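For the single chain, residues carry numbers from 1 onward in sequence order. The structure presented is a predicted model; accordingly, all values stated were derived computationally and were not measured. First listed ligand is number 1; within each ligand, the first listed atom is number 1.
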Amino acid sequence: MSDTDNHADWWRDAVVYQIYPRSFADSNGDGIGDLRGIISRVPYLAELGVDAVWLSPFYPSPLVDGGYDVADYRDVDPRIGSLDDFDGLVAALHHAGIRLYVDIVPNHCSDQHPWFQAALTAPPGAPERDRFIFHDGLGDDHSLPPSDWRANFGGPAWTPVGDGTFYFHLYAAEQPDWNWDNREVRDDFLTTLRFWSDRGVDGFRVDVAMALSKDLTDPLPFAEVEQIPIGPEHPFYDRDGIDEIYAEWREVFDTYDPPRVAVAELWAEPSPRKARYATKRSLGQAFFFDLLQAEFAAVTFKRSVDNVLSWVKQSGSSCTWVLSNHDNVRHASRYGLPEVADDGDVWATSDRDRRWRLTRGTDPVEDIERGLRRARAATMFMLALPGSAYLYQGEELGLRDVADLPDDVLQDPIFFRDPTFNRGRDGCRVPLPWTLEGPSFGFGSGSAHLPQPSWFGAHAVSVEEGDPTSTLNLYRQALRLRHDFRREGLGEELRWADALDGALHLVRPSVGWHSVTNFTADPIAWPGLPTTMLASSEPWEPGTPLPAETTVWFNEKGTVDDPV
Ligand code: GLC
Ligand code: CA
């Protein structure tokens, strides 16, 4: 990386590409993506034009939750590579001018973590147990759980260990929660942050960032807990104690030059408290999933953007935008499903998405063309916004979810906890297609750990590279233009210009960049539209009506006249 790139604020408007390591590229044909696979694709990432990569967990793990059950925070899963491979990846990315975020999972570990194993063999009350959250069972023989709390993946949140005590887990039983009141736990995480920072990692994505501080001494009934707003009174979400934890992390980050950065995974309801995580004293940036949860409509998109803009004002951080990630139905599928009210569910964006996954994509029926058309328009809309944009591997190929994976290949614990409720998130984690040929479309020389459908071939990188209208080429073009504007001094200002009903027109005044989106299902006759277009998500002849569900970019010369 050149010195000029070494500025401390690089993250504020970075385009970050999320890699789910097991499903990106497999270098040795065992069906599992690995670090060497990623190294071999660094030129692809460079050509795509991303500023940073975020690696989902690659640590040793029994894979009860796709690697979010970490057995060793300071090593690489041997199925994915070695620490040497990791160093090679850092070097290759940095050489290409790409920074690296790793995922840090501080709320819970794997039940195979040596400290949890030590806790299990230690007697109740032993210091080894204090690193986790153990509680006596209720009833004369202590056989009843301390409370009726449900875990986020379904099932009870307390699991007995056979001696009258139970341990707490917000997620699967194989993911025991850490006790963040324990000094050893805190210090061990600081060691982990230094370990990866010393190896050249530029930033951290912090999993379940608002749950670390807990008070479970006297658990209330679950029905009552659900009534408590997240915040100081809640037993485990967004308590005040969290500030102190991240202040210690910040001290570590700031010992590096440039300071290491972090982004909090937060699903908090809009709350002024949310800004705390994104200040300079804390993690520095926080995810906003507003856009990901918004239906494809001008009103909801504008509301989401305005929300995020007002929240970042309170923290001094920059905006974050996400349309897809490893936890949600890919946006090309989501936008192909009929609109319904969103219930804000975390694990599938809404009841509709969950029903769609449960019925393997038969109910409601996905409108494939429409989903992709809207996804392309939404992506261009997002990339024109101020702040950083997080892309999820495969969205640049226009990939949809694979809804019809057979039961016997599914891996997600959400499915195993309750198959009648949700088929889980595997549909967005199917390995990428790189070529039309080959046993796993070029993912590796063998089969892939989740089977790819035949339609993946049409989305292969090699196919899309050769098609000027492909989604891959649209992403490349859009990221190139965004870079150009950045070089001209893009800044973070955004202005809404007047737009016709069902459309949005945003302007980045410092560089004269205009983005116009028609969210409606019909072409809009917009006589004032200029003829100097930079890019469009669907073929468009300037001077003709703006096609349905399409975004077009203009530069200042192409300033759109007021709509007539
Ligand atoms: C986060 C991750 C998700 C994981 C969960 C528990 O929300 O994004 O994939 O299952 O945390 O670690
Ligand atoms: Ca492999």
Side-chain angles (χ1 to χ4, degrees), residues 18-41 54-59 61-71 73 76-82 85 89 101-111 113 151-154 157 169-178 204-212 236-237 263-268 286-287 289 292 322 324-329 345-349 390 392 411-417 422 424-429 431-432 439-440 442-450:
Q18 180 190 359
I19 289 184
Y20 192 74
R22 283 174 185 78
S23 299
F24 187 68
D26 170 20
S27 71
N28 61 355
D30 65 357
I32 299 168
D34 44 53
L35 298 185
R36 289 189 183 197
I38 302 174
I39 293 174
S40 73
R41 301 297 181 180
W54 147 30
L55 282 189
S56 274
F58 50 84
Y59 314 107
S61 164
L63 298 185
V64 166
D65 180 18
Y68 284 90
D69 47 321
V70 180
Y73 288 84
V76 176
D77 190 317
R79 290 164 289 191
I80 289 187
S82 64
D85 295 336
L89 176 59
Y101 285 82
V102 298
D103 217 307
I104 194 95
V105 189
N107 180 66
H108 45 264
C109 58
S110 157
D111 61 354
H113 191 287
N152 283 348
F153 290 155
H169 49 90
L170 214 43
Y171 292 88
E174 297 87 348
Q175 293 169 294
D177 280 29
W178 290 107
F204 298 88
R205 177 264 189 189
V206 184
D207 192 61
V208 200
M210 65 168 178
L212 307 197
F236 45 83
Y237 282 142
V263 55
E265 188 212 16
L266 285 186
W267 284 93
F287 274 118
F289 296 110
L292 185 150
V322 193
S324 284
N325 64 23
H326 67 298
D327 287 331
N328 291 280
V329 175
D345 183 83
V346 174
W347 298 115
T349 318
Y390 287 78
Y392 176 53
Q411 302 172 5
D412 188 354
I414 289 182
F415 170 70
F416 297 111
R417 300 296 129 170
N422 194 328
R425 300 161 290 178
D426 294 307
C428 65
R429 300 174 176 181
L432 293 194
S440 51
F443 166 67
S445 57
S447 57
H449 71 99
L450 280 170

Short side-chain to backbone donor-acceptor contact, [X] and [Y], under 3.5 Å:
{"X": "Asp34", "Y": "Asp26", "value": "no"}
{"X": "Arg41", "Y": "Ala25", "value": "no"}
{"X": "Tyr171", "Y": "Asp69", "value": "no"}
{"X": "Ser40", "Y": "Gly37", "value": "yes"}

Number the atoms of ligand 1 from 1 as they appear, then name those within less than 4.0 Å of a heavy atom of [X], with their elements.
{"X": "Arg429", "result": "9 (O)"}
{"X": "His108", "result": "6 (C), 12 (O)"}
{"X": "Asp327", "result": "2 (C), 3 (C), 7 (O), 8 (O), 9 (O)"}
{"X": "Val208", "result": "11 (O)"}
{"X": "Glu265", "result": "1 (C), 7 (O), 8 (O)"}
{"X": "Asp65", "result": "4 (C), 5 (C), 6 (C), 10 (O), 12 (O)"}

Residue-atom pairs from the protein, N, O or S only, that lie under 3.0 Å from the Ca ion (ligand 2):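 Protein N, O or S atoms closer than 3.0 Å to the Ca ion (ligand 2): Asp26 OD1, Asn28 OD1, Asp30 OD1, Ile32 O, Asp34 OD2.
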Closest approach of Arg36 and Ser27, non-hydrogen atoms and distance?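 Scanning both residues, the minimum pair turns out to be CB-OG, 3.5 Å.
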Looking at Leu266, Asn325, Val322, which hits side-chain contact (heavy atoms from CB on, under 4.5 Å) with Phe287?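 Only one of Leu266, Asn325, Val322 forms a side-chain contact (heavy atoms from CB on, under 4.5 Å) with Phe287, namely Val322.
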Donor + acceptor pair across side chains of Ser61, Asp77 (<3.5 Å):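 No, because no side-chain N or O of Ser61 sits under 3.5 Å from a partner of the opposite role on Asp77.
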Under 3.5 Å, is there a donor on one side chain and an acceptor on the other for Tyr68 and Asp103?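 The criterion, which ignores hydrogens and geometry beyond distance, is satisfied for Asp103 and Tyr68.
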Please compare Asn325, Asp207, Val70, Asp69 and report which has the shortest non-hydrogen distance to atom 11 (O) of ligand 1.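 Of the listed residues, Asp207 has the closest heavy atom.
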Is it true that Phe236 and Trp178 have ring centroids separated by less than 6.0 Å?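 No, ring centres 6.0 Å or more apart.
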Start with the C-alpha distance between His113 and Tyr59, add both sets of side-chain angles, then the distance that settles ring-ring contact (aromatic ring centres under 6.0 Å, His included), and finish with yes or no. CA-CA 11 Å; His113 191 287; Tyr59 314 107; over 10 Å; no
Mind checking whether Phe153 contacts ligand 1 via backbone (N, CA, C, O), side chain (CB onward), both or neither, at a 4.0 Å heavy-atom cut-off?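 It is the side chain that touches ligand 1; the backbone stays farther off.
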Answer yes or no: does an N/O atom from Arg425 fall short of 3.5 Å to an N/O atom of ligand 1?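 Yes.
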